[in-house]
Student: 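Before I ask anything, let me first share the structure, which is written out below as structure tokens.
Note that ligands are numbered from 1 as they come in the structure, with each ligand's atoms numbered from 1 the same way.
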Amino acid sequence: MELRMEAVERRLRELLDETSEPLCAYVYDLEALRRHAAAVTAALPPRCELFYAIKANSDLPVLRTLAPLVAGFEVSSGGELAWVREHFADAPVIFSGPGKTDEELRLAIRSGVEAIHVESLNELRRLAWLANAQGRQAPVLLRMNLSLPGLAATTLMMGGKPTPFGIPADQLPHALHLLRDAPSLRLRGFHFHLLSHQLDAAAHVELIAGYAAQVRDWCREHGLSIDHINVGGGIGVNYREPARQFDLAAFADGLRRLCERDPSLPRLRFECGRYITAACGYYAMQVIDLKHAFGRDYVVARGGTHHFRTPPAQGHSHPFTVLPVEHWPYPWERPALSDATVNVVGQLCTPKDVLAFDAPVTRVRAGDLVVFPFAGAYAWHISHQGFLRHPAPRQEFLPVEDEHAAAE
Ligand SMILES: Cc1ncc(COP(=O)(O)O)c(C=O)c1O
């Protein structure tokens, strides 16, 4: 996970020259994305494959960079499915997500997705009915919710406890009964996505080993034959301590040992989002004002959480760097802070518009740029962009260096 701050800074300075307004921009480093995704896929052992969960960032330049590197795309809505099909007609696609409508399921069947990850018994029934009406057979994975020994909680749990996601394991016999009675459905495997924000490589290997053991038991008990297990996404990004990231080498090593120990293990499919694209994105805000109130220092900058909701969504103070900008157009002394502890806020009329808090800075001045790294996943795409009708940030994509690596 390489941050190439110099290239980003160069582009930001060019943008500053192009605008008279305070700058607010996302910069995505596609070359860093290409290198990182290539490193992840290269690290995976045989019989393991990586799909990209496009909900993390579905911008076309991002998808075009990833398309030649990943095994396919995971989508979680009819909108995402249509988007991928429009631009990558032949890419393998898998369809997850709760609350799928009949129209979305019809689209999935019609457009030949590789697998539909079914979330409930009622969804299974509807899918069978809709596939039957189209005279087709739909490939199915059952998304399961279960608690496994050793399942350590992260800050974002989708399973192992009461949640709306997946089929609770005690309902599996019922689901299998429905599948046996539905020739329009074909069971291909099981799907798990119990958590996100996993930062511990060994714990993640253990979790996947737990999925594999559970699936082996189910197959034996119910006489099932499956061709793969989807082990979800969930590899985390350490926003709080950016120098301590998920240990990919240790993870790949543990995974390889798991696969070697059990040659009968079905193919393992990953559908990662955050870990793939977070590090390629930067959100930059130009400082408009510095304020001191009730003993606290505030850096008020162009933009806010309506562009970059990641910090409040995850409850962290996002790391940032200050890029000095020398231009100061006003005939009075420039507001500045040195060796201070600041809160970085945006332009929204809510005290929740906080991107970083209690953050030490060596120096920050009105007119400088505050740049947040790790803003390439669940950032612009999860933000409430219309709030207050502020202008959208610039969206800049630094190209891949080897043009042949990016193809639609
Ligand atoms: C079903 C499913 N798969 C994959 C992902 C991607 O997770 P992450 O971005 O943590 O890798 C999500 C995220 O919510 C998800 O719900």
Student: Please identify which atoms of ligand 1 are closer than 4.0 Å to at least one heavy atom of Arg274.
Tutor: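 Answer for ligand 1: 8 (P), 9 (O), 11 (O).
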Student: Leu265 versus Arg47: any side-chain heavy-atom pair under 4.5 Å?
Tutor: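 Sidechains of Arg47 and Leu265: in contact.
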Student: Please list, in number order, the atoms of ligand 1 under 4.0 Å from a heavy atom of Ala53.
Tutor: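 Those qualifying, in numeric order: 6 (C).
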Student: If you measure from atom 16 (O) of ligand 1 to every heavy atom of His193, His197, Glu119, Gln198, which option wins on shortest distance?
Tutor: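 Selected option, by shortest heavy-atom distance: His193.
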Student: For atom 9 (O) of ligand 1, state which one of Tyr378, Tyr275, Phe192 supplies the nearest heavy atom.
Tutor: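 Selected option, by shortest heavy-atom distance: Tyr378.
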Student: Consider ring pair (Phe, Tyr, Trp, His ring centres under 6.0 Å). Of Trp380, Tyr26, Phe387, which one does His307 pass it with?
Tutor: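 Answer after filtering Trp380, Tyr26, Phe387: Trp380.
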Student: Taking N or O atoms only and a 3.5 Å limit, does Glu271 qualify as a polar contact for ligand 1?
Tutor: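 There is such a contact, yes.
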Student: Are Ile235 and His197 close enough, and set up right, to give a side-chain contact (heavy atoms from CB on, under 4.5 Å), and what steps lead you there?
Tutor: CA-CA 6 Å; Ile235 298 178; His197 293 310; over 6 Å; no
Student: Is it true that Arg126 and Asp102 have a side-chain N and a carboxylate O under 4.0 angstrom from each other?
Tutor: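 Looking at Arg126 and Asp102, the cut-off is met.
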Student: Return the closest protein heavy atom for atom 14 (O) of ligand 1 as residue, atom name and distance.
Tutor: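 Its nearest protein heavy-atom neighbour is Met158 CE, 3.6 Å.
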Student: May I ask whether Arg143 places a heavy atom under 4.0 Å from ligand 1?
Tutor: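 Yes, Arg143 has heavy atoms under 4.0 Å from ligand 1.
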Student: Students should be able to answer this: which protein heavy-atom is nearest to atom 10 (O) of ligand 1, and at what distance?
Tutor: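 Scanning the protein heavy atoms, the shortest distance from atom 10 (O) of ligand 1 goes to Ser196 OG, 2.7 Å.
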Student: Answer yes when Glu31 and Arg4 have at least one side-chain N-carboxylate O distance shorter than 4.0 Å, and no when they do not.
Tutor: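 Salt bridge between Glu31 and Arg4, a charged N being under 4.0 Å from a carboxylate O: no.
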Student: For Gly234, take its heavy atoms, then give the atoms of ligand 1 lying under 4.0 Å from any of them.
Tutor: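 Contacts of ligand 1 toward Gly234, numbered from 1: 7 (O), 8 (P), 10 (O), 11 (O).
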Student: Provide the number and element of each atom of ligand 1 under 4.0 Å from a heavy atom of Cys272.
Tutor: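 In order of numbering, the contacting atoms are 11 (O).
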Student: Check the angle between the aromatic planes of Phe192 and Tyr211 and answer parallel, tilted or perpendicular using the 30° and 60° thresholds.
Tutor: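 Ring orientation, 0 to 90° scale: parallel.
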Student: Classify the angle between the aromatic ring planes of Phe246 and Tyr275 as parallel (below 30°), tilted (30 to 60°) or perpendicular (above 60°).
Tutor: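 Phe246 and Tyr275: perpendicular rings.
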